[in-house]
Structure formats: C-alpha cells, structure tokens
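I have placed the structure first, in the form of structure tokens, so that the comments after it can refer back to it.
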Number of protein chains: 2
Amino acid sequence: MFAAMNNIEDLHQRPIVSVDLAIFALTPDGLEVLLARRGVEPFTGHWALPGGWIHVDEDESLEAAARRVLSDKTGVAAPYFEQVGVFGDAARDPRGWSLSVTYMALIMPDAVILQHGGNVTDAAWHPIAGEATAQPLAFDHAAILKTAITRLRNKVEYTTLPVHLLPEAFTLSELQAVYERLLGRLLDKSAFRKRIAEVDFIVPIVGEMRRASNRPAQLYRLKQARSTVFFDRTI
Amino acid sequence: MFAAMNNIEDLHQRPIVSVDLAIFALTPDGLEVLLARRGVEPFTGHWALPGGWIHVDEDESLEAAARRVLSDKTGVAAPYFEQVGVFGDAARDPRGWSLSVTYMALIMPDAVILQHGGNVTDAAWHPIAGEATAQPLAFDHAAILKTAITRLRNKVEYTTLPVHLLPEAFTLSELQAVYERLLGRLLDKSAFRKRIAEVDFIVPIVGEMRRASNRPAQLYRLKQARSTVFFDRTI
DNA sequence: CGAATAGTGTCTTTTAGACATTATCTT
DNA sequence: AAGATAATGTCTAAAAGACACTATTCG
C-alpha cells in the first residue's frame, strides 16, 4: 500500500534517536542535576545526562518514553516535565547521525531512589556552577545541559515554575527562598507576595501551618497539579 | 569497537524522522502559513506542513536539514528560524513510529518562489483563522501548527520577533502595524515607541526616509541581523 | 519578655496609558 | 492652505520598590 512512499524513505538512512533528561533538584548546596556515569562505549566513564532509546514497541509517545526513562533512573513518576528541544547532527555521536530529544524534569531530591544497571555504572547529583557542571560530559551533553539551565533560569523570572522544586505543601517564605536561590538575589517580601497573589495559582491549606519557634506560617498547595502560570508582561 | 553498544541499540527499531516547517508570512490578508499538498500516500491530496527526511549523508545538522527543506520549497535562504519542538508517537503516521522535528520560519511573502515537485503537487499560502487553517491537515500537523502559532503569538507580546516579518528597511509605524495585526488590537504610538527605544535593537538609516504624500518617515534597520530581543519582565 | 519569622501597611518613585501638540511633507 | 501622517510632549493613573510596622508563636 505504501510502496511508493517507502522507496522514497529507503533512499535515506534513519538517524539514531535517544531521549535524554536534564533532571534538576534544589538541594541545600543549590541547584543540582542528576548525571549517570557511562559504562559502555562511547564515552565510557564519562558523566552524561540519563537517557535511553525509544522503544518503538513499548512507548506510546515521546513524552511516555521520557517518563519511562525517568522512572527507570529515579523511581519517581510524575514531577514537572517539559521538552527542552532536539539536538541533532552528524558529529555528536561517533556511531552515526543522531538525535537527542531532551526533556527537563524538576523533582524533590528526597523522593529519588537512584537506580544503577544497564549502561550506567553510577548515578549522582552534581552541583551546577554557572551554566555547567565541574566534570566534562559525554557527547554534546554540556551544550544541551546549558540550554536546559538557561531555560530554567529564564522561566524563574516570569513563571511559577520554581514551585515544582518544593514539596506539595509549602509556605510563602519557602517559595520566596526558592526563587531567591535560583535567581541569586534577594526579593522584597511584600512585592513577592503581591506578585504571587496576582497570578492566583496556589491556595492555603486551611488549618495547616508550618510550626517553628516563632509565628507559624500558613501552608499552601498548587491549585492544579503541575500547572505553571506566566506573570504579566506586555508589549 | 562498539559491539557491546550496538546490540543494545539493535533491540529497538529506529523511529522515522522528518523535518517539518511552519513558514509564516504577513500578507495584506493577515498572517498566513505556507502549506504543501501531498501527492503520495499517506494523506494524498491533504494539505500539510512542508517537510522532508533527514539526509544522513548530506545534512550537517538538524537546522541545516531544515534550512535545506526551506530552500527547496521556497527558494529563500536566511529568514528568522526557530525550533518549535519534536512531536512523536506511535500513531501519527500509519507507516510507523515517527518523529516530526518542527521549525518555524518567518519570511517576506514577496521573496518566495514556490517550488513544486517531489511529493508535493501544489504549494500555497493559507490564511490562519484563530489557531488553525480552514482545511484539515495531514498527520498531526494541525496540532503542530497550533503549537507554532501559539508560540508566535506569545512571542509577539514580549519580544521583537515581529520585525522579521518586515523587509530590511522599515518605519516605526510599519513595525507598530505588524504588532497590531498580530495582536489583534491597537497600540498607543507614544507608548510603543518608548518601548522600542528601550530595548535598542534597531537603528535609523540616516538620510533614508519613506516618502508619501505627508511627512516622510525615518527608515530603520536591525542592529544585528536576525536578532530577537526580549522586553523586560520581572518576578 | 525577647527572639524570630509571618504577614500587612504606607509612602515614594517609576512606569504606563491616554491624549494633545507640534513637525514636515505632498498636492 | 489643506490634508495626512510622523514624531514628541504632557498629564494622570497605576504599578513597583523600599521600608516600616504589627502579629503570633516558642522558650
């Protein structure tokens, strides 16, 4: 039935396609990314973004493939998830013309149980200094990671995305602290709360307070799970 | 050398990968997208985003492949170019698990010489009503186009991207008109010019004016070709 | 009560929006 | 001069930012 079509396609070899993840978490040391140490060629021993092949017979969609990879590597199911882009050229992988479809995930580091095995000999959180990690990365993963970090940092400025680095229940002060750590600058409490109230994406959990040796703080949760809201901007 | 690796990959069939383009232009009738009518199965006779396969032996990179497709279909070389994303799942193409790497291009409609041949029997500009075209599109191209249109419309709000829909030399009134047509609302001249002056991405072409039967208008050009600047926004 | 952080209010400065005015060309 | 659009200025209303103040808990 598709004979006419197939011979057109047969003229051109298909590229290799992998799904790779930039998994971010905020630890006491700052923003960190989860990396896997490669146990096979090429780039054996190098750190790399965790990833895998698309399983044509198993994965429903690209995002499903990415979620499978995330679950395989971290044991975590449903954090914030966003496509960063596709990176592809003739030279990035010595095995041939290849594509990396890259997703970014934000998670709570506590929830993660790191999984080894497969092509990976080791997995660990790596601190991000500026827009990179201390170690050189396999393939073009340093450039991909840089793109993901830039996207993340930009979105902190104009969306509610940082909320996904917090547990389900959080206080406004905790949320402000996340913004401040990602932005690298202090924010005014009053102005911050006005801005958050405006976009109306969180609700107080009535009766639930964060208690310490001072005035207790109201706990909040997201209105819709996994939603990200954009702040106002104009032309 | 890569034996251990290759047998891992061999377990999984590679998906089909195409590069598709959402090519936009602003005509007297409004925002339009360039579509190609398919001459082969599947979806013969349907309109689709112009696209092609990656030529592993010829294309240096994804963007190079996209630029080749653009040049093949329009004869135009270097307009504004941006990756929209990857769309991939098991069901979007009856020939099998497939990926569409989609780019968005902005061009001047005058410069284009539409090319036929190949899998395409016809190519034409189609007006965009809301977030879609009047005709149903092949594959999941309606959803892809919707994503591209949304991206374009959003970027009009907070970037200087609309400048790429104008010729090299343009007046401030012409630039404002492009914004107004894309946004669907009128802007205040004074406020618009303040905003444009702030981001400082265009320069007057000294001595060059647009003449009509009224006061002549200063012509401007981009400071750096193809640059897009973001307006201020804050957390 | 003191220490500590939560939460709100006030004032000032800056910015945005509406609108008016002036400028410069053609016919 | 009339008509048209370019370009800039002015005034007001709204928003942002700095900072102070009040509130509530623990020890």
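Reckoned from all heavy atoms, side chains included, excluding hydrogens, waters and symmetry mates. Chain letters run A, B, ... following the sequence lines, proteins first, then strands; residues in each count from 1.
Atom CG in B:Leu186 sits about 13 Å away from atom P in C:dC19, given to the nearest Å. Atom CZ in A:Arg195 sits roughly 13 Å away from atom P in D:dA18 (whole-Å rounding). Computed from coordinates, the A:Ile196 CD1 to C:dG7 P distance equals 13 Å when rounded to whole Å. What separates CZ of A:Arg210 from P of D:dC26 is a distance of 15 Å, to the nearest Å. Between the CZ atom of B:Phe192 and the P atom of C:dG17 there is a distance of 13 Å, given to the nearest Å.
Residues satisfying the side-chain contact (heavy atoms from CB on, under 4.5 Å) criterion with A:Val206, sequence neighbours excluded, are absent altogether. Residues forming a salt bridge (Lys or Arg N to Asp or Glu O under 4.0 Å) with A:Asp20 (at least two apart in sequence, or on another chain): none. Under the rule for a salt bridge (Lys or Arg N to Asp or Glu O under 4.0 Å), the partners of B:Glu63 that lie at least two apart in sequence or sit in another chain are B:Arg67. Under the salt bridge (Lys or Arg N to Asp or Glu O under 4.0 Å) criterion, B:Arg193 pairs with no residue, sequence neighbours left out.
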Q: If a protein heavy atom is under 4.0 Å from the base, mark B; if only from the sugar-phosphate, S; if neither, -; do that for nucleotides 2-12 of chain D going 5' to 3'.
A: -BBBBBBB---

Donor-acceptor contacts under 3.5 Å from residues 207-216 of chain A side chains, at least two apart:
unit_1	atom_1	unit_2	atom_2	d
A:Arg210	NE	A:Glu174	OE2	2.7
A:Arg210	NH2	A:Glu174	OE1	3.0
A:Arg210	NH2	A:Glu174	OE2	3.0

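No close placement of the B:Phe231 and B:Tyr158 rings is indicated, their centers lying 6.0 Å or farther apart.
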